[in-house]
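All chains are named by letter (A, B, ...) in the order of the sequence lines, taking the proteins before the strands, and each is independently numbered beginning at 1.
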Amino acid sequence: MKKLFIAVPLALCASVAVADELQAKVEEMMLSSFKANGIASLDRQKQDEIQQACSSPTPPDAATMQRLQAAEMAKIQWPADGNYTGGDWKEGQKIAASGRGLTWTDKTPNNNGGGCYNCHAMDPNEVSEGTIGPSLEGYAKLRGNGEEIVKYTWGKLWNSKAYHACSDMPRNGYGGILTEAQIRHVMAFLFDPASPVNQ
Amino acid sequence: MNHQRRDALKAGSGLGVLGLLATVGLIRPEMAHAAWNEQAFGAKSLDAAFEVLGAGKPAVSGDVVLNTPDIAENGAVVPVGVVSNIPGTEYVAIMIEKNPYMLAASFTIPEGTQAEVQTRVKMGQTSDVYALVKADGKFYMAKKEVKVTLGGCGG
Amino acid sequence: MRKRIKAVAVCVGIALTAPASAQEELNFDAYREMLADGNPAELYEMEGEELWRTARGPNNATLEQCDLGLGAGVVAGAAAQLPRYFEDAGRVQDIETRLMYCMETLQGIPSKEIIDGKFLQGERAKLAALVAYVVTHSKGEKIAIDLSHPKVKEMYELGERTFYYRLGVMDFSCASCHSQDGKRIRATQLPNITTREGAAEGWGSWPAYRVSSSQFWTMQHRLWDCFRQQRAAEPIFGSDVIIALSTFMAGKGNGIEAKWPGVKR
Amino acid sequence: MASPMRIRAAAKDGVTEVRVLMSHVMETGQRKDSAGEVIPAHFITELTAKHNDKLVLSAEFGPSVSTNPYLAFKFKGGEKGDKITVSWVDNKGDSRTDEAQIA
């Protein structure tokens, strides 16, 4: 009887050990198989907590997701004056259409695109739209421009992981992909009644 | 240099293809067959291209068939086929309306060769594609829109 | 009568507020069909065939004695069974690392020259032409890599982990774009590599002639640019991460016909 | 020197179909390189195809023809083993002639 008790934890340990060994090999490979090039340094190969938690086919349990999301929520930078407007939808349109920036062929880490069209439909006249994310056509026309939706949209643009820890969407503001001014322009592209998104 | 050529050079200002071609000495006497139609390839509008080719306002004909996809995955390579069912077809041209220079390619069809050619062209954007056919001295045409899409991450 | 009119008006109202055109299906079948005949990859295949038979390098030797896994000089069907473990090299190799190995051992062309080189240039461009030649001789073959070999199996498992590994400023993994059916980036359709069919589609259509750039890209080139778009650091040519991902895709797609060389956007 | 063409010709029911792939940059003269310099135009301007010694097609290309041009056409006649010759000239004076036999 006593033997059985011991045997079970041992077996568990063994399988955990194998998995960890593979994980260690992956982590080692993600460094040794790469080299730094321009602005793309080897730091990019190291995962933060969110990336690590979301690197398997199955997401973490609900409690972990909530904990991670709360931590990301705290990282959102809200507009200091509480004002989400002031952007130019035409600028926002350019940012949405550009998928450039932050690769090893980009000289500067600034002036990046938002790559929105890579995954979302926005202007109904654009044929070449991605489908990984939901359609944003008629964004404000369908959702209005109440405080809640405006605030949510800012937060989602700044740090998508605050709303879904394993979201496929980049953390534009937190990750330094887009500046606050650029996010304001994208907000205008989504909310301005004159924007093609709302036609 | 004849008058037509000088006019064409004037029209193709800046970095236009004509200027560049002139600098690399395109027209060479040793070419075996009729010299490349510089003026037609330099035409910047459909009407101008038709005029240079002496086509005037060609009639749309159901006997000219343009085989292209409705939508292209990329504009750098768009397959275009032309079949003319008009007897006596001696010449076929492919034109892209919204390209900087309309005329993409032209084919002279000798007796015994079928009026059926296929090639691939570049398209800068969604545009109408034209097939111009000359048969027994008369011109006919067909047109079809090809949508050009943008792919990839854009980075 | 009045009521009826009202009802109609309501319906119209609803129809108007619905998204004008939900993400439309893009069908490129006709386009691809017209390009399938006369794939410019054939030009590279011709060059590769010539290179295979040409005595080159410090040893002034041909590649005709290169063992791609089915015996010295056997090209037919070899690509379909790669990556595989090679005893002589002591590692799992894909088509490119194997050819690189043959170029070094038979011809004396240093691998370093290729590893430190650039895609589409020098010996790496020649290697790509050789890839075109070799895969053409596995046209219509079913992908058949040997997952029973422990080293190959381990590479597969490493590749699977890599596939889901998120990193970089945009938090992307391969799975971000390649784990759902019928998705697109812009107008580019993405294979779902977590399924057998999707993996075979992804693995089996590279190397390919890319119409957007008029270039011939090998799978290593494809994956290198995937990592660039993922905003990772730069993967080293022929490194384990490339072999691992290749083994994962090939292994997942085992049993399905490969369509290489492809014509891609 | 320019790379060889891929020429395939097949006769069936009294008609020969010829398919040609050419290796050529077909540079438009409208693109700039990474340094911002205009890449000079460089493209095939003229092409001829012969069946034995008879001209079966002549073509003129502009820079809108795709890189690595493809051309397919059909002519009446042609027997297995007959010679098909395709020649092109480009705007820089480069040229290339290749032959194939009808299959």
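By the 6.0 Å contact criterion, CD on Glu111(B) is open, its count of non-hydrogen atoms from other residues, nucleotides or ligands being 12 or less. Annotation for Lys259(C): atom NZ does not count as buried by contact number, only 12 or fewer foreign heavy atoms lying within 6.0 Å. Within 6.0 Å of CD in Glu157(C) there are more than 12 heavy atoms belonging to other residues, nucleotides or ligands. Lys142(C) NZ: 12 or fewer foreign heavy atoms inside a 6.0 Å radius. By the neighbour-count criterion of 12 heavy atoms within 6.0 Å, atom CD of Glu50(C) is sparsely surrounded, having that number or fewer from other residues, nucleotides or ligands.
Looking only at side-chain heavy atoms (C-beta outward), Pro40(C) and Arg120(B) come within less than 4.5 Å of each other. Residues Tyr31(C) and Val77(B) have side chains in contact (heavy-atom distance under 4.5 Å, counting atoms from C-beta outward).
Note that CG of Asn27(C) and CD1 of Ile71(B) are 8.5 Å apart. Values are rounded to the nearest 0.5 Å. Here CG of Leu150(B) is found 5.0 Å from CZ of Arg186(C). Values are rounded to the nearest 0.5 Å.
Thr188(C) contributes a side-chain N or O that, together with a main-chain N or O of Gly152(B), makes up a donor-acceptor pair within less than 3.5 Å.
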side-chain contact (heavy atoms from CB on, under 4.5 Å) evaluation trace for Leu26(C) with Lys147(B): CA-CA 11 Å; Leu26(C) 300 181; Lys147(B) 275 198 180 115; over 6 Å; no
Working for side-chain contact (heavy atoms from CB on, under 4.5 Å), residues Met34(C) and Gln118(B): CA-CA 10 Å; Met34(C) 287 183 84; Gln118(B) 200 190 322; 4.2 Å; yes
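In terms of heavy-atom pairs under 4.5 Å with chain B, the best-connected choice from Ser214(C), Ser213(C), Ser212(C), Ala30(C) is Ser212(C).
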